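First up is the structure itself, then whatever we jot down about it.
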2 protein chains.
Amino acid sequence: MQSLQSCNHYKKKMNATPDTRAYLNEYGIRPSVQRIAVMNYLLHHRTHPTAEEIYQALAPEMPTLSRTTVYNTLELLVARGAVIHLTIDPRFSRYDGDISLHGHFLCDHCGTLYDVPLKTLPEALYPKEHRVNSAQLYYRGTCAHCSQENKQ
Amino acid sequence: MQSLQSCNHYKKKMNATPDTRAYLNEYGIRPSVQRIAVMNYLLHHRTHPTAEEIYQALAPEMPTLSRTTVYNTLELLVARGAVIHLTIDPRFSRYDGDISLHGHFLCDHCGTLYDVPLKTLPEALYPKEHRVNSAQLYYRGTCAHCSQENKQ
DNA sequence: TACAACTTTGTAACGATTGCAAAAGTAGAA
DNA sequence: TTCTACTTTTGCAATCGTTACAAAGTTGTA
């Protein structure tokens, strides 16, 4: 089977999103086909996907893609600050391509993970003696949709 | 081997902490020997232990204790609101017997999990349309101790 | 082309957590 | 006390997200 790296059809398709390539460059990440695909997926799907979901979504178009590559890539993207690693769900890690300031709400009933708009994350609360790299605000409970269903 | 439930020596020892028994009652949890032991450990060790750490700590005094029981008990304690389930560390769940308002800081270098005092968690930021059961504020980075070491 | 460095891949292993059914313990009635 | 129903604990096996590792592939440079 022809490799993705040498497939002109695929290259052309990927070139349709030069923004993603540039985005990776901004974070000092060499834009391989696989890295572009993962980053591109995260930029265009704000569903806080798991590694497995990303793999399942990309695999049909990238038959040679490996789960390990998805895991490795996500680790790299998070380490360079291009992607946020969400740990609110104890069952598995989720990833967010939106690195702007916002919190998250996990519905314990249906498992949906919602964005929560935040104006500011109070600086005063930061632990001054430590060097902070990231901050996350997590809410858990029952979402509006599930609350409605269980009301009657 | 004599069971814990029928061991008078152990009962006497546990009776030395009637506060823990009362604490469980407050949360509607029937105070079995195992539940008292787990809750008692969390009330007296503010180290955010994992299930395994709790098991290892209790096992010497409770040779018949099962890991499954520790997991089951923690699940129950969290469900009733007596204990907080911390998901900041992607590797494993940690538990906190201190349910007062405070955040957490995980040092990515040494793995230590610190408490972060909070004055208030801004109400305005809550997602109004959802029913919120718990809120967690997580910080990650390098702690003061590790920052100092890597400075020179 | 040749070489070194980097990246991807597939498989095996790891390890935290859960499922499950048997055993043990508890509480209330008779 | 004894019976009975219910609750809890236990130990083992299984699950499954994630990681380790080495081989194969790719890229950049000379």
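The model shown is predicted, which means the values in this text are computed figures rather than measured ones. Letters A, B, ... are given to chains in the order of the sequence lines, protein chains preceding strands, and every chain is numbered from 1.
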### Query
The side chain of B/T69 lies closest to which of these nucleotides: D/dT10, D/dT7, C/dC6?
D/dT10
#### Entry: Protein-nucleotide distance (B/Y55, atom OH; D/dC12, atom C1'), rounded to Å
13 Å
### Out of C/dT9, D/dT18, D/dT8, whichever nucleotide has its closest atom nearest the side chain of A/F92
D/dT18
### Message
For a quick check of understanding: with a heavy-atom distance under 4.0 Å over all strands, which category does B/R67 fall into, base, sugar-phosphate or nothing?
### Response
nothing
### Task
Give a yes or no on whether a salt bridge exists between A/D115 and A/R46, defined as a side-chain N under 4.0 angstrom from a carboxylate O.
no
### Query
Going by atom types alone, do A/D96 and A/H102 pair a side-chain donor with an acceptor below 3.5 Å?
yes
### Query
Have B/H85 and B/S93 got a donor and an acceptor in their side chains that come within less than 3.5 Å?
yes
## Note on the structure
Of the candidates D/dG28, C/dG10, C/dT8, the side chain of A/S66 sits closest to C/dG10
### Query
Between atom CG in A/D89 and atom C1' in C/dA16, what is the gap in whole Å?
15 Å
### Query
Please give, in whole Å, the distance from D/dT9 C1' to B/L76 CG?
13 Å
### Task
Measure the distance from CD on B/E52 to P on C/dC14 and round it to the nearest whole Å.
16 Å
### Task
Tell me which nucleotide among C/dT8, D/dT9, C/dT17 gets nearest to the side chain of A/R35.
C/dT8
#### Entry: Atom pair distance, as rounded to whole Å: CG in B/L77 and P in D/dT8
12 Å
### Task
Return the value, rounded to whole Å, for the distance between atom CE of A/M62 and atom P of D/dG25.
17 Å
### Query
Side chains of A/L113 and A/R94: does their closest heavy-atom pair fall under 4.5 Å?
yes
### Summary
Testing C/dT17, C/dA27, C/dT11 for proximity to the side chain of A/T68, the answer is C/dT11
### Query
Whole Å only: how far is the CD atom of B/Q34 from the C1' atom of C/dA24?
10 Å
#### Entry: Phosphate OP1/OP2 of D/dT9 contacted by B/S32 side-chain N/O (<4.0 Å)
yes
### Query
So what does B/S93 touch, heavy atoms closer than 4.0 Å: a base, only the sugar-phosphate, or nothing?
sugar-phosphate
### Query
Are B/Y114 and A/H130 close enough that their ring centres sit under 6.0 Å apart?
yes
### Message
Heavy atoms only, 4.0 Å cut-off, all strands: where does B/Y71 land among base, sugar-phosphate and nothing?
### Response
base
### Message
Which is more 5' along DNA chain D, the nucleotide nearest A/N72 or the one nearest A/T50? Just name the residue.
### Response
A/T50
#### Entry: Atom-pair distance (CZ on A/R30; P on D/dT29), nearest Å
8 Å
